[in-house]
Amino acid sequence: MTAQPPVNSLRSYPDATGHFGQFGGRYVAETLMPLILDLEKEYRAAKQDPAFQAQFDDLLKTFVGRPSPLYPAPRITEHFRGLAPEGKGPKIYFKREDLNHTGAHKINNCVGQILLAIRMGKTRIIAETGAGQHGVATATVAARFGLPCTIFMGAKDVERQAPNVFRMKLLGAEVRPVTSGAETLKDAMNEALRHWVANVHDTFYIIGTAAGPHPYPELVRDFQSVIGNETREQMLEAEGRLPDMLVAAVGGGSNAIGMFHPFLDDPDVVMVGIEAGGHGIESGQHAASLTGGRPGILHGNKTYLLQDDDGQITEAHSISAGLDYPGLGPEHSWLHETGRVRYVPITDNQALEAFQLCCALEGIIPALESAHALAALPQLTAELDKERILVVNVSGRGDKDIFTVAEALGVKL
Amino acid sequence: MTRFETAFAKGPALVCFITGGDGDTAANLDALVAGGADVIELGMPFTDPMADGPAIQEANLRSLAKGTTTADIFRLASDFRSRHPNVPLVLMGYANPMTVRGPEWFARECAKAGVDGVICVDIPSEEDASLGPALRAQGVSLIRLATPTTDANRLPKVLEGSSGFLYYVSVAGITGMQQAAQGAIEEAVARLKASADIPIAVGFGVRTPDQAAAIARVADGVVVGSAFVDIIKQHGDAAPAALQDYTAALAQAVHAAR
């Protein structure tokens, strides 16, 4: 969270009604509207309250383990320099969100939201989860503050992600398998919204990404902006200047917006968001909402969605469960349309290759989500001069993904 | 007088909801009218019906699995209008299918098909620009929802730009689950009537003639949905006869309060 940006800044959005251009907004049932308005009011007050900010900063430091390192990745840098045309191949840094408590950037947002929940006097926490990372992060902060917590998770994901289900249970959360629809993240979100509508009086919904009805996209972004703010400070210290390019994976888009937002007004910083291209855009089996979707309305906001001509939402596919969602946060839709951020799809296979390369060259097992960002390096490093600096947001660690990767590589564990 | 005004002028009205494309919808709609329905709500199926309970969720998915399109819904609507020139017809659904081709397109199709009103679950008054102006320009009513969380401050916003009737969602929750206490409904309806100059219809969790009769004593309309959707699931192609019987029992209960 930072001071108010100047007028006409790209960082001054959303507008007063919660819109980023035509995107965002508050497309929710009337039952939720009063609560959403209340949340906005409370968030504005919290943002102005030094005590709230101090408590947030302190928890990030002592509980999450921030700041996360900005790591110069020498062997990856050399590797791509060797492949790039003469004079190309920038210096590569990793922002190490994988070193956070619970293993990913998700916890930053959960700490912020549970503080808001407590401030609003709510006594129960709910959340949706796909792969289980946000569920684990939510269960973690709920345990830390002693609040009962229910996690909605597609029945298929409950089966696929047994270790995370067990983690959530150890942390004291109730995991509720969702059997409606395709039994994955989208359906878990539908069910969490249904539950919330019936329990608005005492329940706070910790949304896991920078999406949903206003003010969620804004507040999640603000809580995640610690990633970009630290990167800026650490880069100035290490190199005495700003980076030339930022790269981050985009599912819902919270790690990417957290990394990008503090740099939006720096015109020389190029930003690239990496979408999950699944089996390839032309296969129709992907989760690249910007590359392969159109604007529409779902889960409280207007944004790019995978949908058919009638506006029915289509199923997303990605090897990375964290990217497997048919939409993304509204601010990304807006940054895409304004051209400020470039969005590139990466296939499952490209991500798998980058996953292995990062393990072998840097001794870091990245999350499959982050492996998507790393997989854009062959293309991006070929464009950038040797003297340039590129930062990849390694948003999470890949311990959770070893079973998926083993299966994809035909290895029996 | 509009069809809505005529329907509500007779006293408490029975408003009946079914999901379009779930079962033989044309025959089912005729059965509702034959049983005594005063207003019809036709649900537009959506992949992600966030405000609906299991009964209507499943009806949405059954309908989509059969390949129901938006064009099919408008065909059902305009055929209904030809067969029943005087019964008000409302389309109920979610924002994305309604706005995907632009709100103007949707509003024009509604007007062409003889649709009297539209209920969009996830466009609150704050996002009215996404649908409301287009509907009003075509003379189609935008029917808004009021809920137990809609306080006195919000109510004028909810009423502004809405017409036809106000749909009072009597429980904070999803469709087809528990019913609100009668006392709470009476209190809410009295509060709404003080501000609204359009009829108040009460729904969510209303299943039996007894419940319907109690609500009809205080409100202008009673909305029943999940109970019909359950009948369609249970009886399949034989649903029309069962629907007509059940509608008749509800209609008798509601109309007795006239």
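Residue numbers start from 1 in every chain, and the chains themselves are labelled A, B, ... in the order their sequence lines are given, proteins ahead of strands. Model, not experiment: these values are computed from the prediction.
Atoms CG and OG1, from A/Asp308 and B/Thr47 in turn, are 8.0 Å apart once rounded to the nearest 0.5 Å. Interatomic distance, A/Gln312 CD to B/Thr70 OG1, rounded to the nearest 0.5 Å: 6.5 Å. To the nearest 0.5 Å, atom OG1 of residue B/Thr147 and atom CG of residue A/Leu32 are 8.5 Å apart. Note that OG1 of A/Thr17 and CD of B/Glu127 are 7.0 Å apart. Values are rounded to the nearest 0.5 Å. Distance OH/A/Tyr27 to OG1/B/Thr99: 7.5 Å, rounded to 0.5 Å.
Each of B/Pro49, B/Pro148, B/Ala146 has some count of heavy-atom pairs under 4.5 Å with chain A, and the biggest count is that of B/Pro49. Chosen from B/Asn153, B/Asp122, B/Asn60, the residue pairing most often with chain A at heavy-atom distances under 4.5 Å is B/Asp122. Listed options B/Ala95, B/Pro45, B/Ser125, B/Pro97 were ranked by heavy-atom pairs under 4.5 angstrom with chain A; first place goes to B/Pro97. When A/Ser180, A/Pro34, A/Gly25 are compared by the number of non-hydrogen pairs under 4.5 Å with chain B, A/Pro34 comes out ahead. The most heavy-atom pairs under 4.5 Å with chain B, out of A/Asp187, A/Ile297, A/Leu305, come from A/Ile297. In terms of non-hydrogen atom pairs under 4.5 Å with chain A, the most contact-rich of B/Ala51, B/Gly53, B/Ser130, B/Cys120 is B/Ser130. Interface remark: of the candidates B/Leu145, B/Ile123, B/Leu61, B/Leu145 forms the most heavy-atom pairs closer than 4.5 Å to chain A.
A/Leu37 touches chain B through its side chain: at least one heavy atom from C-beta onward sits under 4.5 Å away, while N, CA, C and O do not. Contact annotation for B/Pro54: neither backbone nor side-chain heavy atoms come within less than 4.5 Å of a heavy atom of chain A. Residue B/Thr69 touches chain A through both its backbone and its side chain, counting heavy-atom pairs closer than 4.5 Å. Looking at A/Leu298, only its side chain comes within 4.5 Å of chain B, counting heavy atoms on both sides. Only the side chain of A/His19 comes within less than 4.5 Å of a heavy atom of chain B; its backbone N, CA, C and O stay farther away. For A/Glu191, the part sitting under 4.5 Å from any heavy atom of chain B is the side chain, from C-beta outward, and nothing else.
Under the 4.5 Å side-chain criterion, counting only non-hydrogen atoms from C-beta, A/Val200 is in contact with B/Thr149. Here the side chains of A/His214 and B/Glu126 are not in contact, with every heavy-atom distance at 4.5 Å or above. Counting heavy atoms from C-beta outward, A/Lys186 and B/Asp48 have side chains that approach closer than 4.5 Å.
Counting heavy-atom neighbours within 6.0 Å of B/Lys193 NZ, excluding the residue itself, gives a total above 12. In A/Glu159, the CD atom is not crowded: 12 or fewer heavy atoms of neighbouring residues, nucleotides or ligands sit closer than 6.0 Å.
Using a distance-only test at 3.5 Å, with no hydrogens or angles considered, a donor-acceptor pair links the side chain of A/Arg194 to the main chain of B/Asp52. Not a single donor-acceptor pair under 3.5 Å links the side chain of B/Asn96 to the backbone N or O of A/Gly296.
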**Request:** Go through the steps to decide whether B/Met50 and A/His299 satisfy the test side-chain contact (heavy atoms from CB on, under 4.5 Å), and finish with yes or no.
**Result:** CA-CA 8 Å; B/Met50 285 152 296; A/His299 292 154; 3.5 Å; yes
**Prompt:** Which is it for B/Val100 and A/Arg294 under the side-chain contact (heavy atoms from CB on, under 4.5 Å) test, yes or no, and what are the steps along the way?
**Reply:** CA-CA 9 Å; B/Val100 68; A/Arg294 288 178 297 137; 3.9 Å; yes
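Between A/Glu30 and B/Thr150, the side chains place a donor N or O and an acceptor N or O closer than 3.5 Å (distance only, hydrogens not considered).
Closest heavy-atom contact between B/Arg101 and A/Asp310: NH2-OD1, 2.7 Å. For the residue pair A/Gly311 and B/Phe46, the shortest heavy atom distance occurs at O-CE1, 3.4 Å.
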